[in-house]
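Okay, structure first, notes after.
Here is how names work: the chains are called A, B, and so on, in the same order as the sequence lines, proteins then strands, and each is numbered from 1.
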Amino acid sequence: MQCHKIVQILRQKAVGEKIVVQGWVKTVRRSKSVSFIDINDGSCLTNLQVIAEQNQTTDENHLKDLSTGCSLRVTGTLAASPAKGQDIELQAETLEILGLAPDYPLQKKRHSFEYLREIAHLRPRTNSLGAVARIRSALSFAVHTFFQERGFFHIHTPIISTGDCEGAGETFTVTALDLENIPSSTNLASVWDDDFFGCQANLTVSGQLEAEAYAMALGNVYTFGPTFRAENSNTSRHLAEFWMIEPEMAFCNLQEDIDIAEQFIKYLVDTLLKDCLEDLELFASFIEKDLFKRLKNVSEKTFIRLSYTEAIAELQKSKKSFKFPVAWGMDLQSEHERYLTEVIFGQPVVLTDYPKTIKPFYMRVNEDQKTVAAMDVLFPGIGEIIGGSQREERQDNLVARMNELNMQTSEYEWYIDLRRYGTVPHAGFGLGFERMVQFVTGMKNIRDVIPFPRTPGSASF
RNA sequence: UCCUCGAUAGCUCAGUCGGUAGAGCAGGUGGCUGUUAACCACCUUGUCGCAAGUUCGAAUCUUGCUCGAGGAGCCA
């Protein structure tokens, strides 16, 4: 007999049908002659209630051994439920206990997220972490759908890299050297000559530069892969290993870049509101009351666009005293971003044309020679969620910027080649996937929206 | 990395003025013809994060360390 997923069973409500269900016990309620077993198979948030009479088990394990966490296979007939709480339930005919769960660490009551992080291999069995996993999957699928439907090509950029995308953060070194046995005579500068790649290699901090190469051939491309930062950041918004989405578009300027970014975000939110309502309602009930209000704010309102210079003027006009005083040329602190998105505008804001001194070398210098064609999408409550720019497509300007920043142009010859041979205006942006999952779920800590988080001092599992 | 707070039963926490450990849940046993975080009765559970110090006596006071959380910086 075919095994059914609970999500289908609850949707179809085929009363009278004989089915097989397999899953894990969420809770058992017993009385003398009948037991109520809530079973969950991960296909959706809701459990299926199984009604079991005594002595229905088919193996050496008995109903009395059944507890939260046990795995089960149940054959039975779907029936309309006579009691409140569920429309249908499964009248068990045979009940096979696949695995017992003595001393199961997950209880029926709510656990703290801190505790669940210590049992990251079991936490997807909880309602909230299971919902996060389903939403993460749906969001990932929506990312691909959005770009594929618009003719973008998915590019697998390398995970091991030899550039550091200048300014994107500290890198993890990748080495095959025996670190306990490095010849003492070797000087540090030349140690990499003998290493696997013949030079120092690291885990990628961004796929952007490689994506640009493919955009210069295929037009519109995107990357969606893991990214690594060795920053010692201990916050609820940072991971050492996270996933990033980076589209790159040929024949594209900054305004078109912002248009795509705005459409993209709205598409992701709308897709989840359509496909993941049950899971989102869990977060709206238990994690963040105003979740739907916040999602609709993003979905329905046109993002405010203003230049960095205008933003500085707005902040100065506000007369609020900030910890970091506002002045043109400074990088905006989170208190400034929050004030703009939460107090002044109350909705997403796109800031453009930042001073070139606070942005990386590859951004296109504007006519004023002081600012670059950069854009940051700022969300209320979260801060920067997207950072992007029109890239510097003029070879002379690019090299001049690299020299200003004392960069070794020899290491970037391949990147300069993209300007040397058939250069075109192009633009792109980066979206931190986990921050997007945080935004749509309301989860406070980024460690709880990725299955096995890596942070300073922590890479268990 | 900096600032602040925290660590007590398997989990969530209380513990007064320094006097030798408590509750709810989980678990166990029994009861209950339909429960919904089931309910009722009884029972079990401790290196009070680690190390040192003060004291007749430390979960409680002091110092150091470890780990965790929130915020900041860095950033996505």
Using a distance-only criterion (donor-acceptor N/O pair, under 3.5 Å, no hydrogens), is the base of G73(B) paired with the side chain of Q333(A)? no

What is the base-pairing partner of C5(B), counting Watson-Crick and G-U wobble geometry with both distances under 3.5 Å? G68(B)

Please check if the number of heavy atoms outside N234(A) that lie under 6.0 Å from its CG is greater than 12. yes

Which of U35(B), G10(B), C32(B) is nearest the side chain of Y115(A)? It is G10(B)

E393(A) and R364(A) ion-paired at < 4.0 Å: yes

Would you kindly give the NZ-to-P distance between K109(A) and G10(B), to the nearest whole Å? 13 Å

Side chain of N234(A): nearest nucleotide among U1(B), U36(B), C25(B)? U1(B)

Using the C1' atoms only, state how far G46(B) lies from A7(B), rounded to an integer number of Å. 15 Å

Span that lies between the C1' atom of A52(B) and that of A58(B), in whole angstrom: 13 Å

Please determine if a side-chain N or O atom of N445(A) lies less than 4.0 Å away from the OP1 or OP2 oxygen of G70(B). yes

With respect to the side chain of S236(A), which nucleotide from C75(B), G70(B), U33(B) is positioned closest? G70(B)

When the nearest nucleotide of RNA chain B is assigned to R447(A) and to E335(A) on a heavy-atom basis, which residue is associated with the more 5' position? R447(A)

Does atom CZ (F303(A)) have a neighbourhood of more than 12 heavy atoms from anything else shown, all under 6.0 Å? yes

Among U33(B), U35(B), A69(B), find the nucleotide with the atom closest to the side chain of Q86(A). U35(B)

Would you measure the distance from the C1' atom in A38(B) across to the matching atom in C25(B) and give it in whole Å? 14 Å

Classify the ring geometry of F429(A) against F264(A): parallel below 30°, tilted from 30° to 60°, perpendicular beyond 60°. tilted

Looking at G73(B), I'd like to know if its phosphate oxygens (OP1 or OP2) sit under 4.0 Å from a side-chain N or O belonging to T235(A). no

Find out whether the Lys NZ or Arg CZ of R294(A) is both under 6.0 angstrom from the six-membered ring centre of F439(A) and within 45° of the ring's axis. yes

Which base sits across from C42(B) as a Watson-Crick or G-U pair, both distances under 3.5 Å? G28(B)

Which whole number of Å gives the distance between the P atom of U8(B) and that of C13(B)? 9 Å

Between C50(B) and A14(B) - C1' atom distance, rounded Å: 24 Å

Nearest to the S112(A) side chain among G34(B), C75(B), U12(B), which nucleotide is it? U12(B)

Using a cut-off of less than 4.0 Å, is there contact between a side-chain N or O of R117(A) and OP1 or OP2 of A69(B)? yes

Counting only side-chain heavy atoms from C-beta out, which of U35(B), A69(B), C75(B) sits nearest to H238(A)? C75(B)

Within the structure, does a side-chain N or O atom of R237(A) lie under 4.0 Å from either OP1 or OP2 of A72(B)? yes

Say whether Y415(A) and E212(A), considering side chains only, have a donor N or O and an acceptor N or O under 3.5 Å apart. yes

Any side-chain N or O of S233(A) below 4.0 angstrom from OP1/OP2 of G73(B)? no

Considering only atom C1', compute the distance from U20(B) to G57(B) and round it to an integer number of Å. 9 Å

Ignoring the backbone of K323(A), work out which of A72(B), U33(B), G34(B) is nearest its side chain. A72(B)

Considering only the C1' atoms, how many Å lie between C61(B) and U16(B), rounded to the nearest integer? 16 Å

Pair assignment for U36(B), Watson-Crick or G-U wobble, requiring both distances under 3.5 Å: none

Which of A38(B), A69(B), G34(B) is nearest the side chain of R29(A)? It is A38(B)

Would you say the side chain of E89(A) and the base of G34(B) hold a donor-acceptor pair, judged only by whether the two atoms sit under 3.5 Å apart? yes

Starting from C1' on U36(B), measure out to CG on L90(A) and report it in whole angstrom. 17 Å

Tell me which nucleotide among A37(B), A69(B), G34(B) gets nearest to the side chain of K108(A). A37(B)

No-H, no-angle donor-acceptor pair, Q91(A) side chain to G34(B) base, under 3.5 Å: yes

Would you say the side-chain atoms of Y222(A) and Q148(A) include a donor-acceptor pair closer than 3.5 Å? yes

pair_partner(U62(B)), Watson-Crick or wobble, both distances < 3.5 Å, evaluates to A52(B)

If the cut-off is 4.0 Å, is S31(A) near the phosphate of G31(B), judged by side-chain N/O to OP1 or OP2? no

Among U36(B), A72(B), C11(B), find the nucleotide with the atom closest to the side chain of Q49(A). U36(B)

